[in-house]
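Have a look at the structure below before the remarks.
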Amino acid sequence: MSEPIRVLVTGAAGQIAYSLLYSIGNGSVFGKDQPIILVLLDITPMMSVLNGVLMELQDCALPLLKDVIATDEEEVAFKDLDVAVLVGSMPRREGMERKDLLRANVKIFKSQGAALEKYAKKSVKVIVVGNPANTNCLTAAKSAPSIPKENFSCLTRLDHNRAKSQIALKLGVTADDVKNVIIWGNHSSTQYPDVNHAKVKLQGKEVGVYEALKNDSWLKGEFITTVQQRGAAVIKAQKLSSAMSAAKAISDHIRDIWFGTPEGEFVSMGVISDGNSYGIPDDLLYSFPVVIKNKTWKFVEGLPINDFSREKMDLTAKELMEEKEAAFEFLSSA
């Protein structure tokens, strides 16, 4: 058995964490021979619920869980971390402007970034899920200057999986038969789900998605809006936001960081834009296609970008720049 790794999940009394913790504990994220010390952080009013989650994890009798720690204190939660999954954030309430949401979250992620800086290992991998995820991730990274900014990523894998699944449903294949879809930009309704480079396996042959579907108007219209607005559709139907699918996407995202992406496949992840070859300004936390090896991601380079894509990629970059400016204003006054 290897040494245990310390994994933090924040917002640990919430819905997404409830779907995520079992996957982490049973070895389906970090592998079946990787013992784990699981740290659960939430706000003080949620401690009673969190203790219930702690009891349930104990009752799962999972052999890989060496210890489970429930806390409302950052100095306990962030100590010596190998992985931090930042799920907890201030949710958007009725009548709340996006910038109010941003202000509340800048405060949270500035504080958690500072805690990472002070207590976590410098090699820690940080995955931000709480919305607005891209800008929260950038805020945390800026607040932890001695941790490499490449160690920070935000979740756009749920959007990626949604795109994959829409194509699979339309073609009557399984999601596994579809690869190399891309989510560009912000995890918001300006994101651009791009299948220009995606492939699908049909009768044992790999075919481009555009060629396989022969339905450009759907791919440039309804497909994009369905993926962009899927989160809202789930809330409308369930009166709750996506939890099971979000937890599955977090597991996919972390597993790919840990074990690498399969040969010939790339995935979508919000990462720091510095040095990209797609004309996206530096110093944004933007979702790109990446490949991962030895726990290190690299941009997928050299994909041809048509005018339709260019416009959509720039639009979501513009939104991220505006968010970043607003966040940094709050950051300096926070």
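Quantities reported herein were computed from a predicted structural model and do not represent experimental measurements.
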Using atom types as modelled and distance alone, determine if a side-chain donor or acceptor of T10 lies under 3.5 Å from a backbone N or O of V87.
yes
Hydrophobic cluster membership, V234 vs F223, 4.5 Å side-chain cutoff:
no
Atom CG in N105, atom NZ in K107: separation rounded to 0.5 Å?
11.0 Å
Hey, are E117 and S146 close enough side-chain-wise for a donor-acceptor pair under 3.5 Å?
yes
Is a donor on one side and an acceptor on the other found under 3.5 Å between the side chain of D67 and the backbone of I37?
no
Identified side-chain hydrogen bond (donor to acceptor under 3.5 Å, both in side chains) partner of S268 from the options H253, K164, H160:
H160
Find out if a path of hydrophobic residues (ILVMFWY) with successive side-chain heavy-atom gaps under 4.5 Å connects Y22 to I24.
yes
Side chain to side chain contact (heavy atoms under 4.5 Å, CB included) between F152 and I272: does it pass, once the steps are laid out?
CA-CA 8 Å; F152 289 81; I272 195 75; over 6 Å; no
Is the backbone of D282 close enough, under 3.5 Å, to the side chain of D274 for a donor and an acceptor to pair up by distance?
no
Mark yes when over 12 heavy atoms from residues, nucleotides or ligands other than E75 sit less than 6.0 Å from its CD; otherwise mark no.
yes
Strictly distance-based, threshold 3.5 Å: is any side-chain N or O of K295 a donor or acceptor partner for the main-chain N or O of I292?
no
Of all the heavy-atom pairs spanning P132 and E323, show the shortest one and how long it is.
CB-OE1, 3.8 Å
Common cluster, Y278/L315, ILVMFWY with side-chain heavy-atom separation under 4.5 Å:
no
Answer yes or no: are there more than 12 heavy-atom neighbours, outside K122 itself, under 6.0 Å from its atom NZ?
yes
Check this for me: K32, atom NZ, are more than 12 non-hydrogen atoms of other residues, nucleotides or ligands nearer than 6.0 Å?
yes
Residue pair R157 / D256: nearest heavy atoms and the distance that separates them:
NH1-OD2, 2.7 Å
Would you say CZ of R230 has more than 12 non-hydrogen atoms from neighbouring residues, nucleotides or ligands within 6.0 angstrom?
no
Nearest heavy-atom neighbours spanning E73 and T71
N-OG1, 2.9 Å
Would you mind reporting whether M269 and F288 have side-chain heavy atoms less than 4.5 Å apart?
no
Are D82 and V7 close enough that some pair of their side-chain heavy atoms sits under 4.5 Å apart?
no
Rounded to the nearest 0.5 Å, how far apart are CD of Q34 and OG of S2?
4.0 Å
Would a hydrophobic clustering, with Ile, Leu, Val, Met, Phe, Trp and Tyr connected at side-chain separations under 4.5 Å, put V49 with Y18?
no
State, with a plain yes or no, whether a side-chain heavy atom of V267 is found less than 4.5 Å away from one of W297.
no
If you count the non-hydrogen atoms of other residues, nucleotides and ligands that lie under 6.0 Å from CE in M47, is the total more than 12?
yes
L285 and L320: which non-hydrogen atoms are nearest, and at how many Å?
O-CD1, 3.5 Å
Interatomic distance, CD@E56 vs CG@L54, rounded to 0.5 Å, equals 10.5 Å
Is the closest basic N to carboxylate O distance between K179 and E206 below 4.0 Å?
yes
With distance as the sole criterion, is a donor-acceptor pair present between the side chains of S309 and N306 under 3.5 Å?
yes
Quick one: does I280's side chain get under 4.5 Å of W184's, heavy atoms only?
no
Atom CG of D314 and atom OG1 of T190: how far apart are they, to the nearest 0.5 Å?
11.5 Å
Nearest heavy-atom neighbours spanning S273 and Y286:
CB-CB, 4.5 Å
Got more than 12 heavy atoms from elsewhere within 6.0 Å of CG, D216?
yes
Passing candidate, side-chain hydrogen bond (donor to acceptor under 3.5 Å, both in side chains) with Q191, options N186, T316, N134, D159:
D159
4.5 Å side-chain heavy-atom contact, L155 and H187:
no
If only atom types and distance count, is the side chain of N151 paired as donor or acceptor with the main-chain N or O of V124 below 3.5 Å?
yes
Kindly say whether S217 contributes a backbone atom to a donor-acceptor pair with the side chain of K220 at under 3.5 angstrom?
no
Is there a donor-acceptor contact under 3.5 Å linking the side chains of Y119 and E74?
no
Indicate whether any N or O donor in one side chain lies under 3.5 Å from an N or O acceptor in the other, for E319 and S188.
yes
Where do I182 and F266 land on the side chain to side chain contact (heavy atoms under 4.5 Å, CB included) test, with the steps shown first?
CA-CA 8 Å; I182 300 169; F266 48 77; 3.6 Å; yes
In this structure, CZ of F30 is separated from CD1 of I5 (nearest 0.5 Å) by 4.5 Å
Measure the shortest side-chain to side-chain distance between Y192 and F308 over non-hydrogen atoms and say whether it is less than 4.5 angstrom.
yes
Side chains of N136 and T139: is there a donor and an acceptor less than 3.5 Å apart?
no
Flag, side chain of S287 to backbone of I183, donor-acceptor distance under 3.5 Å
yes
Please check this pair: side chain of R6 against backbone of K79, looking for a donor-acceptor N/O pair closer than 3.5 Å.
yes
Value rounded to 0.5 Å, distance of CG in L240 from CD1 in I235
8.5 Å
Give a yes or no on whether a salt bridge exists between K149 and D283, defined as a side-chain N under 4.0 angstrom from a carboxylate O.
no
Short N-O contact, K318 and E322, less than 4.0 angstrom:
yes
Closest approach of R255 and D252, non-hydrogen atoms and distance?
NH1-OD1, 3.2 Å
Quick one, I257 with V83, criterion side chain to side chain contact (heavy atoms under 4.5 Å, CB included). Give me CA distance, side-chain angles, the key distance, then yes/no.
CA-CA 11 Å; I257 290 176; V83 179; over 6 Å; no
For N26 and S28, test the side chains for any donor-to-acceptor distance below 3.5 angstrom and give the result as yes or no.
yes
Is there a path of hydrophobic side-chain contacts, each under 4.5 Å between heavy atoms of I/L/V/M/F/W/Y residues, joining V181 to I224?
yes
For D194 and K312, run salt bridge (charged side-chain N to carboxylate O under 4.0 Å, His left out): C-alpha distance rounded to whole Å, both residues' side-chain angles, the deciding distance at 0.1 Å, then the answer.
CA-CA 10 Å; D194 175 10; K312 294 213 166 339; over 6 Å; no
Taking atom types as modelled, is there a side-chain donor on R162 or S242 under 3.5 Å from an acceptor on the other?
yes
Side chain to side chain contact (heavy atoms under 4.5 Å, CB included) for V53 and D42? Distances and angles first, verdict last.
CA-CA 11 Å; V53 175; D42 216 311; over 6 Å; no
Got C137 and S153 here, is their nearest side-chain heavy-atom distance under 4.5 Å?
no
Going by heavy atoms in the side chains, are D307 and E311 under 4.5 Å from each other?
no
Do S48 and N51 pass the side chain to side chain donor-acceptor pair (under 3.5 Å) test, and can you show the C-alpha distance, the side-chain angles, and the key distance before you say yes or no?
CA-CA 5 Å; S48 165; N51 282 322; over 6 Å; no
